[in-house]
Amino acid sequence: MHPQTLAIHAGKDTLDDRTGGVAAPIVLSTTFTHSPDVAEHCGWMYQRYGDPNAVALEAALTALESGSAALHCATGLAAASLLLQALPEGSHLLLPDDCYFGVRGILETFGHRWGLAFDRVDMTDPDAVRAALRPETRCLWLETPSNPLLKVSDVAALSTLARERGVLTVVDATFATPLLLRTLELGADVALHSCTKYLGGHSDVMGGALVFGGGEGARALARRCADLRKLLGGTASPFASWLVQRGLKTLACRLEVHQRNALALAQFLARHPGIEAVHYPGLPGHPQHRLATRQMHGYGGMLSFQVRGDRARAIAVAGRLQLITNATSLGAVETLIEHRQSSEGPQSTTPANLLRLSVGIEHVDDLRSDLEQALAE
Ligand SMILES: *Cc1c(COP(=O)(O)O)cnc(C)c1O
């Protein structure tokens, strides 16, 4: 079946539903009855070890990505830190130079304690990646398109390069979703998604998923992550898993509008005299436009742009918007804008005049008019 169909139907059969309800039940129980022989339980035991709603979502994500297993965690960063803690001590990682600041933050804060070292490299340059690999490199961490510069890296080429060196490739595909980037089919070992974003899609649930490929290294990592999640406790609540799965069912049709609107706004901004640069892989002028066209099934709903002027002017533009909400996060039905450098804090390497736009599914004319009036001054 096609991913659009799987997004709606996969995972249903893992729920024990006694009513025949078309919508899935939410199982809130934290504990489950043992069979009379205490050594044998009913399959479920304790919510931290796994619950029916998490397993249903995990089955859906596994099917959707053509993976071998998936784990749903409390947040995207819980999923990222689980994966990092599963790497052997002494591992070296390569991270994108504009890596999601939270992932970098985990490694800067805990990397040393966990025995992990890392370097940052421009992932759009395979030669730079090859040169940065060390004998102890265990993980190539990609993020494509990247947050907030929308850089696109070549998942197939970099996964091949990594595999030749026995290095696992992890792709944070939050911006792309499982529908726009077939991460595992392109050869990566693990896809990471902040389910808080497009999968949930309505700014009302947090979650993070790891989806593992079928290779031996990926399967071993999946087992280790599953054991560690029980131990570290970063599981998602059943209601969160249920909400993410509910969001998944409308992902395909939401994305069509997200990306149609994003392209129209990117084109509008690119022509506007008050704008210095627009970063959107769907624009022919984007440095990896051809790669994005080949690698992705659409360019997504995220873009960023740099206003002509300084930090204060960028902040002023965001402040004048009336329909578009000035807030962090992304991937939901409503359009959000943010001054990314302010959100990332003092360590930020994001240009000071950059605004990140998560384009929602409102009517595009209303969004364009709002930007027009905010940029008019
Ligand atoms: C939001 C985000 C994360 C972190 O996810 P949370 O659910 O906020 O913990 C990781 N990577 C990317 C690209 C993100 O946008």
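Atoms within a ligand are numbered from 1 in the order they appear, just like the ligands themselves.
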Asks: Any salt bridge linking Asp122 with Lys151? Criterion: basic side-chain nitrogen under 4.0 Å from a carboxylate oxygen.
Replies: yes
Asks: State the NZ-CD1 distance between Lys249 and Ile8, to the nearest 0.5 angstrom.
Replies: 7.5 Å
Asks: Are Tyr198 and His258 near enough that their ring centres are under 6.0 Å apart?
Replies: yes
Asks: Would you list the pairs meeting side chain to side chain donor-acceptor pair (under 3.5 Å) in which at least one residue belongs to residues 74-88, sequence neighbours left out?
Replies: none
Asks: Which protein residues have a heavy atom closer than 4.0 Å to any atom of ligand 1, listed by chain and number?
Replies: Thr75, Gly76, Leu77, Tyr100, Glu143, Asn147, Asp172, Thr174, Phe175, Ser194, Thr196, Lys197, Met206, Gly207, Leu330
Asks: Who are the side-chain hydrogen bond (donor to acceptor under 3.5 Å, both in side chains) partners of Arg229, not counting sequence neighbours?
Replies: Glu58
Asks: Show every side chain to side chain donor-acceptor pair (under 3.5 Å) that has at least one partner inside residues 200-222, sequence neighbours left out.
Replies: Ser203-Glu334
